[in-house]
Every structure is written in structure tokens, then in C-alpha cells.
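In what follows, a single structure is set out as C-alpha cells and then discussed.
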Amino acid sequence: MRSSNLYNPFNRIAGFKSLIIGLVGLLITTYLAFKTGTHFNGLININFAKDSDYWLFFTENLSNWLFISTFMYTSGLILSKSKIRVIDIFGTILLSRIPLIIAPLIRLIPLFQSFVIQSWQMYFVIGFYLVSLIWTTILLFNAFKISCNLKNERLIISFIISMILSEICTKLVIILIT
Amino acid sequence: MNKRLPLKCPSCENILQVKQLHCEKCETEVTGLYSLPIISQLSTEDQKFILDFVKVSGSLKIMAQNMKLSYPTVRNRLDEIINRINNLDTDEK
């Protein structure tokens, strides 16, 4: 496997294929998050809480994906000169979120199932989460770049604005439903 | 050896023009000053892309399958070529 495929697989995968792979990833991540009490309550946030309903985990992951995709698609429609496809944006962005599976996956190991905030186990999990978050952000950036064919300052500014707006909207949705 | 058509002047980087044409069969030579068609001014890779694109009836989906690349990657490549053609067109005018 070429290293560029790890941070930019979108030269080869996009559209329906990325959507299907991403959906499988979303469902597995949501299930593992539910089993381990790992909440993705915001685009870049992670929290740990026991005994929440499955639908809450699903709504968190779903709203994270839908908001960022919608804002990036809107940015593409406004700023791109290319004929962009909605399936490319939603598919590649969903695929970008697969690395987030790492944190709930680690929490499946009995040693790391603690809910104590200031424990070395928690620092270990959060450390891995940060790595997966950086990886996901790089993937999101490349997904947006390729799907919308944006470059230079248009790309960077609209990416940052989309991220901020999605974070705000996801937080609002989670506050409203809990 | 497959010789590449030189497009730019090695001295000043300006786009070259055709001054002389030659018939291999009857040795006729035509001298004048002719501009290269825009498509000839593109790189060999861009020309190949355009030919392949025409051969698949302009289907980006089939192009993506043949090139083993994603649809948006191929579409972005086509947009870059269109941009280059527009720039060459503007330069000529």
C-alpha cells in the first residue's frame, strides 16, 4: 500500500464506492462507540460516558458527517468552477472519518475501559484519538480539495469556515437532543 | 526514436511558429509563417488525455475506469486542461 493512499486515497476512491465504505465505517465506529461509551460530541470532540442510548451515538456520528459535508458542498457550489457532485463530497468525507474508529477500538481492550479522567489509560486513549483526529483532518482536507477542485486561499479559508460552522451546528444538535 | 515537437523557443521561451513544411514524397517545401494549433501547444500528456477522452465519447466515468482514478480526479484534470486551452486562446487573441 502506497503511503499517499493513507492520507489521500481520493485520487482513486470517490463517489458511490467511498460512500459505501464510509457507511460501513460509520456503522462499525458507532457500534464500538456505543459498546465503549465513547462520544464524538462535536466534529473534533471526544468524551466518555456510560449508559447512553445507541441512538445518541448514532446521531452524534451522523450529524458530524452531515454538517461538515453540507457546509463543504455549499462552499464548493459557491467557490468552485467545476461541476461538483454531491456523492463525491458526502462519500469522501464519510470515508475520511474512518480513522476515528481507533479510540473506541482501543477502549475495547479491558485495560483501557476506565472512565476516570485523570488516569494514564485515559491519556493513552486521548493520545491515540489526537493522532486519529489529525489523520482524519488531513483526509477531510484532501477529500474537500479533490471533490470540489478548490485551490490556494479559497480552499484553505472555506475549509476552516466549514469546520467551524460544522462544529457549532453539531454541538447545537447534541445540546438540543440531550 | 519518437521526437517531441518543440513548443517553446529555447532562447526566449516564446511559443514557436511553423516556418517550413516539407513533403517527404515529392520533396516539395512550403515556406511561410504558421501558428501551431492550440492542441499542439499542449503537453504530450494533455494531448493524450484529450484523444482518450474523445475515444470514449467524452465519458468521464469511462475515463476514470480506464485510468484507474476517481471521477473527481479525472474531472479536475480535464478542468486544468480546459483552463490551459483558455489561456492559450487568450494569448493568441
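To find a chain, count down the sequence lines: A is the first, B the second, and so on, and within it residues start at 1. Just so you know, these numbers use all the heavy atoms, side chains as well, and skip hydrogens, waters and symmetry mates.
Annotation for A/Ser147 and B/Pro72: closest pair CA-CB, 4.2 Å, computed over non-hydrogen atoms.
Note on A/Leu176 and A/Leu62: separate hydrophobic clusters, where clusters join Ile, Leu, Val, Met, Phe, Trp and Tyr whose side-chain heavy atoms are under 4.5 Å apart, directly or indirectly. With hydrophobic clusters built from ILVMFWY side chains whose heavy atoms lie under 4.5 angstrom apart, A/Phe67 does not share a cluster with A/Trp65. Linking ILVMFWY side-chain heavy atoms closer than 4.5 Å, directly or via other members, places A/Ile156 and A/Leu77 in a single hydrophobic cluster.
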Going through the checks in order, is the side chain to side chain contact (heavy atoms under 4.5 Å, CB included) test met by B/Arg75 and A/Asn149?
-> CA-CA 9 Å; B/Arg75 181 208 57 211; A/Asn149 196 18; 4.1 Å; yes
Can you check side chain to side chain contact (heavy atoms under 4.5 Å, CB included) on A/Arg12 and B/Thr73, steps first, answer last?
-> CA-CA 8 Å; A/Arg12 296 184 187 279; B/Thr73 305; over 6 Å; no
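Shown here is A/Lys17, whose NZ atom has no more than 12 heavy atoms of other residues, nucleotides or ligands within 6.0 Å. For A/Tyr54, the OH atom sits in a packed shell: over 12 heavy atoms of surrounding residues, nucleotides or ligands are nearer than 6.0 Å. More than 12 heavy atoms of other residues, nucleotides or ligands sit less than 6.0 Å from atom CZ of A/Phe141.
Contacts between A/Asp88 and chain B at a heavy-atom distance below 4.5 Å involve the side chain alone, from C-beta outward. Residue A/Ile146 touches chain B through both its backbone and its side chain, counting heavy-atom pairs closer than 4.5 Å.
Here the NZ-CG distance, from A/Lys83 to B/Leu60, works out to 9.5 Å after rounding to the nearest 0.5 Å. Rounding to the nearest 0.5 Å gives a distance of 10.0 Å between CG of B/Asn76 and NZ of A/Lys145. Rounding to the nearest 0.5 Å gives a distance of 10.5 Å between CE of B/Met67 and CG of A/Asn11.
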